[in-house]
Amino acid sequence: MAKVTSALDKTKPSTHAHIYGPIIRALAQISTKADPDQIKKIQGLIENLRQQLQGALATIESDENAQAQAWSERRATLEQEIATGEKREKETQTLIEENEDSLADAQKRMAMHKKELNSLALELNNLQEDCARREQAYQTAKAEIARETEIVAAVIEHFEKHNDKLVDFIDNAPEGGEAAF
């Protein structure tokens, strides 16, 4: 009995000894006073209890191993996801930096293009003003030419009407002198 009590006292508090310990103590006490057949029955009961405890322990260990395996696999999956996430975060940060650089370059180019556009708009305005001045000069010259054309046409018409007198005048004109009208 002392051996059984000593062995039970040495079990860890986390085991199930607090459940089956009192049963074993009671069986051990009975076995010290019982006949051999009773002792064999008690030993059979204790052996059955031991097998059940070993089966429960095997099931617990199997469940614990399966949980540990599942946890290990889940941990590996999570670690891989974390690594992938960190990699993507770095790639995203790199893209952001590249895009910021590209944006800065694009803004510089856009500012240059705006300056060029303003310069071209000024040049276009100057050309339009020059064209307007030239158009005005053309219209003035055209009007003068039209007036001169009218004068020439009037002179031609005058000469055509007075052609006979002109021919007489030229024929009767003194040499080297002036003709009188």
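Quick note: numbers below take in every heavy atom, side chains included, and nothing from hydrogens, waters or symmetry partners.
- Between E47 and R50, some side-chain heavy-atom pair lies under the 4.5 Å cut-off.
- The backbone N or O of G55 sits less than 3.5 Å from a side-chain atom of T59, completing a donor-acceptor pair.
- Between the CD1 atom of I145 and the CD atom of E148 there is a distance of 7.0 Å, given to the nearest 0.5 Å.
- With rounding to the nearest 0.5 Å, the separation of CG in L103 from CD1 in I96 is 12.5 Å.
- Side-chain contact check for Q93 versus E89: every heavy-atom pair is 4.5 Å or farther apart.
- Counting heavy atoms from C-beta outward, L124 and L120 have side chains that stay 4.5 Å or more apart.
- Looking at S102, its side chain does come within 3.5 Å of a backbone N or O of E98 through a donor-acceptor pair.
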Self-check item: Full working for side chain to side chain contact (heavy atoms under 4.5 Å, CB included) between N126 and L122
Solution: CA-CA 6 Å; N126 291 339; L122 181 62; 4.1 Å; yes

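- Atom CG of D63 is separated from atom CD of E61 by 10.5 Å, given to the nearest 0.5 angstrom.
- Using a 4.5 Å cut-off on side-chain heavy atoms (C-beta onward), M110 and K114 make contact.
- Side chain of T92 to backbone of R88: a donor-acceptor contact under 3.5 angstrom is found.
- Distance CG/N65 to CD1/I60: 12.0 Å, rounded to 0.5 Å.
- Under the 4.0 Å criterion applied to side-chain N and carboxylate O atoms, K40 and D37 are not assigned as salt-bridge partners.
- Panel note: side chain N99, backbone L95; a donor-acceptor pair is recorded below 3.5 Å.
- In this structure, the side chains of L78 and E81 come closer than 4.5 Å at one or more pairs of heavy atoms.
- In this structure, a donor-acceptor pair under 3.5 Å is present between the side chains of Q139 and E135.
- Atom CD in E100 sits 10.5 Å away from atom CD in Q107 (nearest 0.5 Å).
- One finds the CD1 atom of I151 at 10.5 Å from the CD atom of E144 (value rounded to the nearest 0.5 Å).
- More than 12 heavy atoms of other residues, nucleotides or ligands sit less than 6.0 Å from atom CD of E129.
- Heavy-atom contacts from other residues, nucleotides or ligands closer than 6.0 Å to CD of E91 number more than 12.
- Shown are R75, R74, Q67; of these, the side chain to side chain contact (heavy atoms under 4.5 Å, CB included) with W71 is made only by R75.
- In summary, E157 and K161 engage in a salt bridge, as defined by a charged side-chain N under 4.0 Å from a carboxylate O.
- Within a 6.0 Å sphere centred on CD of E79, heavy atoms belonging to other residues, nucleotides or ligands number more than 12.
- Under the 3.5 Å distance criterion, with hydrogens and angles disregarded, a donor-acceptor pair is assigned to the side chains of E73 and Q69.
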